[in-house]
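Note that the structure is predicted; figures quoted are calculated from it, not measured. Values below: every heavy atom of this structure, side chains too, minus hydrogens, waters and symmetry copies. Count residues from 1 along the sequence.
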Amino acid sequence: MTRIRPAATISFIVLAMGLAWLVTLPLWGSGGVASPLFGVLVPVMMFTPTIAAIIVMLALRPVPKGQRLRFLGMWPLRPAKRVVWMTIIGLFAPFVLVVASVFVAALCGWVQLDLVNFSGFAQTLAATMPEGTPMPPAIIVIVSQLVMIPFAAATVNAVVAFGEELGWRGFLVPALRPLGTWPSLLISGAIWGLWHAPIILLGYNFARYDITGVLLMTAGCIAWGVLLGWLRLRSASVWPAVFAHGMMNACAALVGLVYAAGTTFDMALAGPLGVAGWIVCAVVVVVLALTGQFRRQPELDGAPGRLLSAPRG
């Protein structure tokens, strides 16, 4: 069994955090989320966990050379049936959970929905159209966006999500796995959330510019991180988590398509990383726990050794 030395794990965390701040530092003097650099630097930031994992693997060599891809969950993809089905679950389940979070938010009074005229989105769309340009029906635009979500999730979004997932679920979850299942999932989720601090403090996601935004993001990442970590441990592969993360990002703004005109909503409450999302994730986690899914952590068929093994948490 491969156990990662604490020094390697700590080095990975420090590197991932430090590189994220380094990459996003120009945003702090050029307009924050409104900066033209934002759309360029944030995707680069998303690859800092992968860069940190590669540096640690090459410099500290915590995993023997021939076992690194297997430890990270990148290869081999076997048994293929398990990896494929878990990847399909990873790709489509987040969309269902985000939709559920919208309805939870509506039930709690955190957002007012208009599922007939989509008036809030229509109002936003009209404000972005050049004067004199005929506006297409909101429902047509919404349907086209919904159709594109799985394609975006499985392509562009999955590519940038890989930059994070190779680090968080590929390296960190198995590195922490000897602590037990729950400590590894909760700690890795918290670190994932704190890693977002450089952009959250600029107002990204929650429009909060202090520690409350970071705390909200950390809670959201713990909630979703448990599910992404479960995909990783249940499949012994990082790919289901990659596509799940891609789908999360692709449909994160879904509530903005269905709210009513003349109303507002707070992403800290109504967003998938906000309280509504926490509730939905908690329900799913409880169901998975009660059905024993967190205890089912298969290793690769025929693989020598037990790379992810540890006393069941």
Side-chain angles (χ1 to χ4, degrees), residues 81-116 118 120-121 139 141-158 160-162 164-165 168-169 185 189 192 205 217 219-235 237-259 265 267-294 296:
K81 183 177 180 180
R82 181 181 71 208
V83 175
V84 168
W85 277 110
M86 293 300 293
T87 299
I88 291 172
I89 291 172
L91 180 59
F92 291 102
F95 180 82
V96 176
L97 300 188
V98 172
V99 170
S101 72
V102 171
F103 284 102
V104 166
L107 288 173
C108 293
W110 298 328
V111 63
Q112 185 176 334
L113 303 182
D114 180 357
L115 300 178
V116 177
F118 305 98
F121 177 74
I139 185 61
V141 180
I142 289 173
V143 169
S144 65
Q145 290 194 16
L146 292 177
V147 169
M148 288 303 299
I149 281 176
F151 295 100
T155 54
V156 176
N157 284 35
V160 292
F162 173 82
E164 290 192 50
E165 289 304 313
W168 305 133
R169 259 59 65 174
L185 296 179
W192 179 33
N205 270 359
M217 190 66 182
C221 285
I222 290 173
W224 283 94
V226 170
L227 297 177
L228 294 179
W230 170 73
L231 287 171
R232 166 71 169 103
L233 296 175
R234 183 66 181 81
S235 66
S237 171
V238 75
W239 298 111
V242 167
F243 286 99
H245 194 155
M247 176 57 82
M248 281 175 56
N249 290 347
C251 63
L254 192 62
V255 66
L257 301 180
V258 294
Y259 78 102
F265 58 89
M267 290 296 282
L269 296 173
L273 287 164
V275 179
W278 307 349
I279 294 171
V280 171
C281 288
V283 171
V284 176
V285 168
V286 168
V287 171
L288 291 175
L290 291 178
T291 54
Q293 287 297 313
F294 287 97
R296 301 182 65 182

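Remark: R232 is not positioned above the aromatic ring of W168, lacking an NZ or CZ atom under 6.0 angstrom from the ring centre and at most 45 degrees off the axis.
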Under the side-chain contact (heavy atoms from CB on, under 4.5 Å) criterion, do I149 and L146 qualify, and how do the steps go? CA-CA 5 Å; I149 281 176; L146 292 177; 4.0 Å; yes
Show your reasoning for whether side-chain contact (heavy atoms from CB on, under 4.5 Å) applies to I222 and W278. CA-CA 9 Å; I222 290 173; W278 307 349; over 6 Å; no
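Nearest heavy atoms, V111 versus A270: CB-CB, 4.3 Å. Annotation for C281 and L227: closest pair SG-CD1, 3.8 Å, computed over non-hydrogen atoms. Nearest heavy atoms, L273 versus C221: CD2-N, 4.2 Å. Contact record, F265 with W110: CB-O, 3.7 Å, taken as the closest heavy-atom pair. Contact between P240 and T87 at its shortest, heavy atoms only, is CG-OG1, 3.6 Å. In terms of heavy-atom proximity, L257 sits nearest to F118 at O-CD2, 3.5 Å.
If you take CE on M248 and CG on N157, they are separated by 11.0 Å, rounding to the nearest 0.5 Å. With values rounded to the nearest 0.5 angstrom, F243 atom CZ is found 12.5 Å from L231 atom CG. Note that the OG1 atom of T155 and the CE atom of M148 stand 7.0 Å from one another [nearest 0.5 Å]. Annotation: the span from R234 atom CZ to M86 atom CE amounts to 6.0 Å, rounded to 0.5 Å.
With a 4.5 Å cut-off on side-chain heavy atoms, M267 and V255 count as touching. Contact check for L113 versus F103: side-chain heavy atoms found under the 4.5 Å cut-off. For the pair V275 and V104, the minimum side-chain heavy-atom distance is 4.5 Å or more. A heavy-atom distance below 4.5 Å is not found between the side chains of Y259 and V102. The shortest side-chain heavy-atom distance between V226 and L288 does not fall under the 4.5 Å cut-off. Side-chain atoms of F95 and P150, non-hydrogen and from C-beta on, never get closer than 4.5 Å to each other.
Although no hydrogens or angles enter the test, the distance criterion places no donor-acceptor pair under 3.5 Å between the side chain of W192 and the main chain of R169.
Dense packing is recorded around CD of Q145, with more than 12 heavy atoms of other residues, nucleotides or ligands lying under 6.0 Å away.
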